[in-house]
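Right, I'll just put the structure down here and ask away after.
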Number of protein chains: 2
Amino acid sequence: MNIDVGTRLRSIRTAFGISQRELARRAGVTNGLISLIEQNRVSPSVSSLKKVLDGVPMSLAEFFTLDLAAAPQAFFGAEELVELGNEEVSLRLVAAQRPGRQMSVLHERYAPGAATGEEMLAHRGEEAGVVIRGRIELTVSGSTRALGPGEAYYFASQLPHRFRNAGREPCEIISACTPPTF
Amino acid sequence: MNIDVGTRLRSIRTAFGISQRELARRAGVTNGLISLIEQNRVSPSVSSLKKVLDGVPMSLAEFFTLDLAAAPQAFFGAEELVELGNEEVSLRLVAAQRPGRQMSVLHERYAPGAATGEEMLAHRGEEAGVVIRGRIELTVSGSTRALGPGEAYYFASQLPHRFRNAGREPCEIISACTPPTF
DNA sequence: ATGAGGCGTTTAATATATTAGACAATGGGA
DNA sequence: TCCCATTGTCTAATATATTAAACGCCTCAT
């Protein structure tokens with residue numbers, strides 16, 4: 001469940017070919033601590049871990065970013081896009097059934113007055129789009145703006161956001177999000 | 001000297017519009033701890049910090065990668081899209097300057113007769129789009145199809161592909177690709 | 001006014017991370 | 001072989017993170 005800080009640190013240290021004591025000396029901590037961390041017997045404080053990584057040197061960001069580990073359909077008619085929305089908010093997905101898709105591209109249509117809930121989803125990721133017709137009122141992290149044709153947005157999906165068509169005509173948007181939510 | 005975990009966490013929490021108690025509840029820690037962390041009165045253990053971020057949710061990697069400098073721009077006027085193409089093929093990129101962008105969303109416009117070269121890029125990745133005006137003749141891996149408004153495409157970037165506007169009116173497309181080529 | 005419930009902060013008690021120092025095992029060099 | 005240095009591990013003492021519960025400050029409905 002927890003991040004395996006221990007083996008991560010150990011593999012880094014050994015990759016650099018230095019001993020626990022040497023790393024401890026450079027980092028200004030004790031060798032025992034390094035040992036305990038590498039065995040996952042303790043969960044180091046951020047400040048300790050930073051001191052240790054400074055001895056390598058390596059940033060916390062780098063440390064946690066480290067990773068240890070038939071021709072699909074290309075063309076889609078308008079009617080082949082899969083409808084995921086409802087009467088008010090139509091969401092038509094491109095390449096819905098494509099396995100291992102890396103993003104979701106949608107043709108969205110908001111009826112006048114339609115709105116999405118104040119979503120704050122569990123997903124990481126980003127979403128972006130361009131308005132092609134009508135106007136949409138978009139709220140992201142508390143700030144709101146109305147966007148018209150040719151205008152666009154781009155934000156991190158986990159920020160609270162809401163789309164609302166405050167106008168009288170339908171609003172259409174082409175949007176993309178990655179990794180695919182739909 | 002130390003990473004400012006506190007203000008980082010606070011800015012994230014407030015950006016998500018939730019209280020210390022709410023975050024604590026989701027994370028399974030106490031609100032007091034969140035308070036102390038945000039004031040930098042303690043340096044949380046990695047396991048605690050992970051629990052807290054799970055409540056957002058956000059990974060440790062994302063947390064430490066986060067650029068605290070400024071909330072990235074979420075809204076873009078039509079003229080704020082950055083032009084990457086030429087007279088014949090206009091490619092206007094959303095959120096061009098956004099650091100660490102995970103995709104490229106483009107508003108493309110092909111003049112009558114305009115075409116892209118037969119591209120076959122080194123990148124892995126995928127691209128997709130929806131035609132919003134005019135017609136485009138798209139060739140992917142040897143097969144060709146003309147797409148009109150509301151029609152769409154989705155293919156792996158490394159496949160040889162070519163866009164050509166064989167019609168008399170300009171053609172507009174909203175497209176997305178990941179990882180970002182532009 | 002007033003009480004209820006939200007907020008962030010603080011404090012004493014407790015759990016845990018960290019240190020200092022000792023331990024056994026390994027591998028040269030005299 | 002013996003010694004000495006170096007390795008990673010372990011344990012008791014200590015420093016620090018974390019909890020539980022209270023505080024004071026707000027706002028809002030009664």
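Chain naming here is simple, since letters A, B, ... match the order of the sequence lines and numbering starts at 1 in each. A quick note: this is a predicted structure, and the numbers were derived from the prediction, not measured.
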TODO: Identify the heavy atoms of B/Pro149 and B/Arg133 that sit nearest to each other, and give their distance.
DONE: CG-CA, 4.1 Å
- [ ] For DNA chain D, note the earliest and the latest nucleotide, 5' to 3', having some atom under 4.0 Å of a heavy atom belonging to chain A.
- [x] D/dT7 to D/dC10
- [ ] Measure the spacing between OG1 of B/Thr7 and CG of B/Asn40 and express it to the nearest 0.5 Å.
- [x] 6.0 Å
Open item on the list: For a quick test of reading the model, state the closest non-hydrogen atom pair linking A/Pro112 to A/Gly167 and the distance between them.
Closed with: CB-O, 3.5 Å
Task: Minimum heavy-atom distance between A/Val52 and A/Val29, given as atom pair plus value - done: CG2-CG2, 4.2 Å
- [ ] Please identify each residue that fulfils side chain to side chain contact (heavy atoms under 4.5 Å, CB included) with A/Glu22, with sequence neighbours left out.
- [x] A/Ile18, A/Ser19, A/Arg25, A/Arg26
Open item on the list: Under 4.0 Å, counting only non-hydrogen atoms across every strand here, what does B/Ser45 touch: a base, just sugar-phosphate, or nothing?
Closed with: sugar-phosphate
TODO: Answer with yes or no whether the side chains of B/Ser90 and B/Glu83 bring together a donor and an acceptor at under 3.5 Å.
DONE: yes
TODO: Let me have a per-nucleotide readout for nucleotides 3-11 of chain C, 5' to 3', with B, S or -, counting only protein heavy atoms under 4.0 Å.
DONE: ----BBBB-
Task: Aromatic ring pairing A/Tyr153/A/Phe163, orientation class (parallel under 30°, perpendicular over 60°, tilted between) - done: perpendicular
Task: Candidate list A/Arg109, A/Arg92, A/Arg135, test salt bridge (charged side-chain N to carboxylate O under 4.0 Å, His left out), partner A/Glu172, passing option - done: A/Arg109
